[in-house]
Novice: 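Before I ask anything, here is the structure I am working with.
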There are 2 protein chains.
Amino acid sequence: MLSIGELSRATDCKVETIRYYEKIGLMPEPARSAGNQRRYGERHRDRLHFIRHSRQLGFSIEAIRELLSLADHDHQDCAAVDALTRHHRQEVEARIRSLAALRDELDRMLRDCAGGDIAHCGVIQTLADHGRCDSEHI
Amino acid sequence: MLSIGELSRATDCKVETIRYYEKIGLMPEPARSAGNQRRYGERHRDRLHFIRHSRQLGFSIEAIRELLSLADHDHQDCAAVDALTRHHRQEVEARIRSLAALRDELDRMLRDCAGGDIAHCGVIQTLADHGRCDSEHI
DNA sequence: TTAAATAGCTGTAGTCACTACAGATAGACG
DNA sequence: CGTCTATCTGTAGTGACTACAGCTATTTAA
């Protein structure tokens, strides 16, 4: 059996985060030692690995809750899992496109900045006047 | 003079957000009507435009606070503004790269999912076992 | 002129996914 | 046995808003 600190090291997940996952019902309540400390088994470790990996991939807590519940029912078709993943992928893709537009806009601003006084600084002027920039990032 | 609702429409910024910016000291306290309602002038509108545009470009409130203070001192060299913008641009670029790695990982998971039982679902298995995937997204 | 509808006021609490702390108890090691 | 580290619970803080409750101002139509 693992203490919460051992589980923390095994999964690279902070102790506080583990307790947080338990509080919101993402991790089940573990057994306790005689002195009321949490004791975890392999199933807890596997589940926490699953959660942390999903978080690293950007899934929201609610999405993970659903993935976990789907994963618990082996006999079901995995179409639902697939759909959830595909949806998440589309959101990531959209976020990338939006950030790329931002980066390009920042580059334009920096190109326009010839140095010298703030009064003529391209960055400040672009920030002050939205009309001057391509508005693709909205 | 503009009411808070008019300013809101003029800058596409919610009324609550305007009051929030005032509370955190990003927007100055405006004049008030006889009945204690906020009344804004052009300078307020320009400043709010600046703030909103900067937020759309992903600058944090603290970064904007600094940009505003730099912009207020016309005589200073704009190197500081440039540096702030460049730094932000690097962060955006890093975020893009990290998200692209996530997207690729999600694509790999989806390719591995041949349909059928959850028990053999590539998505669930990858989520359950971090070792199976390229770890570039960490 | 007055009633109704809309807009605005303050202050507090909620969001997400944690993170940090305070003050207490448990367990490990010499 | 003492000391040190780990763990316990509960609460509050983060960023950048957003939502709501219960009140007052202002505008518009009758």
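A note on names: the letters A, B, ... follow the listed sequences, proteins ahead of strands, and every chain is numbered from 1. Source: prediction; values computed, not measured.
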Novice: Whole angstroms only, please: what is the CD-P distance between Glu62(A) and dT15(C)?
Specialist: 11 Å
Novice: Output the single nucleotide from dA19(D), dC9(C), dG8(C) whose closest atom is nearest the side chain of Lys14(B).
Specialist: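 The answer is dA19(D).
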Novice: Whole angstrom is fine here: how far is it from CD in Glu6(B) over to P in dG8(C)?
Specialist: 7 Å
Novice: Once you round it to whole Å, what is the distance between P of dA6(D) and OH of Tyr40(A)?
Specialist: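 It is 16 Å, rounded to the nearest whole Å.
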Novice: Any side-chain N or O of Thr17(B) below 4.0 angstrom from OP1/OP2 of dT18(D)?
Specialist: yes
Novice: Base, sugar-phosphate, or nothing: which does Arg52(B) touch, judged by heavy atoms less than 4.0 Å apart?
Specialist: sugar-phosphate
Novice: For dT9(D), take OP1 and OP2 only and decide whether either is under 4.0 Å from a side-chain N or O of Arg38(A).
Specialist: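 Yes, Arg38(A) has a side-chain N/O under 4.0 Å of OP1/OP2 on dT9(D).
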Novice: Using a cut-off of less than 4.0 Å, is there contact between a side-chain N or O of Ser3(A) and OP1 or OP2 of dG27(C)?
Specialist: no
Novice: Would you say a side-chain N or O of Tyr21(B) is under 4.0 Å from OP1 or OP2 of dA16(D)?
Specialist: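 So the side chain of Tyr21(B) is outside the cut-off, no N or O lying under 4.0 Å from OP1 or OP2 of dA16(D).
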Novice: Check Arg38(B) against Tyr40(B) and note the closest heavy-atom contact, atom names and distance.
Specialist: CD-OH, 3.0 Å
Novice: Nearest to the side chain of Glu16(B) - dC18(C), dT18(D), dA17(C)?
Specialist: dT18(D)
Novice: Between the side chains of Tyr21(B) and Arg52(B), does any donor sit under 3.5 Å from an acceptor?
Specialist: yes
Novice: Using whole Å, report how far CG of Leu2(B) lies from C1' of dG8(C).
Specialist: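 To the nearest whole Å, that distance equals 15 Å.
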Novice: Rounded to the nearest angstrom, tell me the gap between atom CG in Leu7(B) and atom C1' in dA7(C).
Specialist: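 Atom CG in Leu7(B) sits about 14 Å away from atom C1' in dA7(C).
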Novice: Give the nucleotide from the list dG27(C), dA16(D), dC9(C) with an atom nearest to the side chain of Arg32(B).
Specialist: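 The answer is dC9(C), which lies nearest to the side chain.
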Novice: What heavy-atom pair brings Met1(A) and Glu6(A) nearest, and what distance separates the two atoms?
Specialist: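 Looks like O-OE1, 3.9 Å.
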Novice: Starting at CD of Gln37(B) and ending at C1' of dT24(D), how long is that distance when rounded to a whole Å?
Specialist: 8 Å
Novice: Taking the nucleotide of DNA chain D with the nearest heavy atom to each, does Ile61(B) or Arg39(B) sit closer to the 5' end?
Specialist: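 Taking each residue's closest nucleotide, the earlier one in sequence belongs to Ile61(B).
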Novice: For Gln56(A) and dA17(C), give me the distance from atom CD to atom P, rounded to whole Å.
Specialist: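 Atom-to-atom, Gln56(A) to dA17(C), this comes out as 15 Å.
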Novice: Arg55(A) has a side chain; which of dT7(D), dC18(C), dT10(C) sits nearest to it?
Specialist: dC18(C)
Novice: Is the shortest distance from a Lys or Arg side-chain nitrogen in Glu93(B) or Arg89(B) to a carboxylate oxygen in the other one below 4.0 Å?
Specialist: yes
Novice: Taking the nucleotide of DNA chain D with the nearest heavy atom to each, does Ser33(B) or Gly5(A) sit closer to the 5' end?
Specialist: Gly5(A)
Novice: Map Lys23(B) and Tyr20(A) onto DNA chain C by nearest heavy atom, then report which one ends up closer to the 5' terminus.
Specialist: Lys23(B)
Novice: Please pick, from dC17(D), dA20(C), dT10(C), the nucleotide with the shortest atom-to-atom distance to any side-chain atom of Arg19(B).
Specialist: dT10(C)
Novice: Restricting to non-hydrogen atoms, name the atom on Leu106(A) and the atom on His88(B) that form the minimum distance, rounded to 0.1 Å.
Specialist: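 The pair with the smallest heavy-atom distance is CD1-CD2, 3.5 Å.
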Novice: Please tell me which of Ile4(B) and Phe59(A) maps to the more 5' nucleotide of DNA chain C, matching each residue to the nucleotide holding its nearest heavy atom.
Specialist: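 It is Ile4(B), whose closest nucleotide lies nearer the 5' terminus.
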Novice: Tell me whether Ser54(B) contacts the main-chain N or O of Phe50(B) through its side chain, where contact means a donor paired with an acceptor under 3.5 Å.
Specialist: yes
Novice: Between C1' on dT26(D) and CE on Met1(B), what's the gap in Å once rounded to a whole number?
Specialist: 16 Å
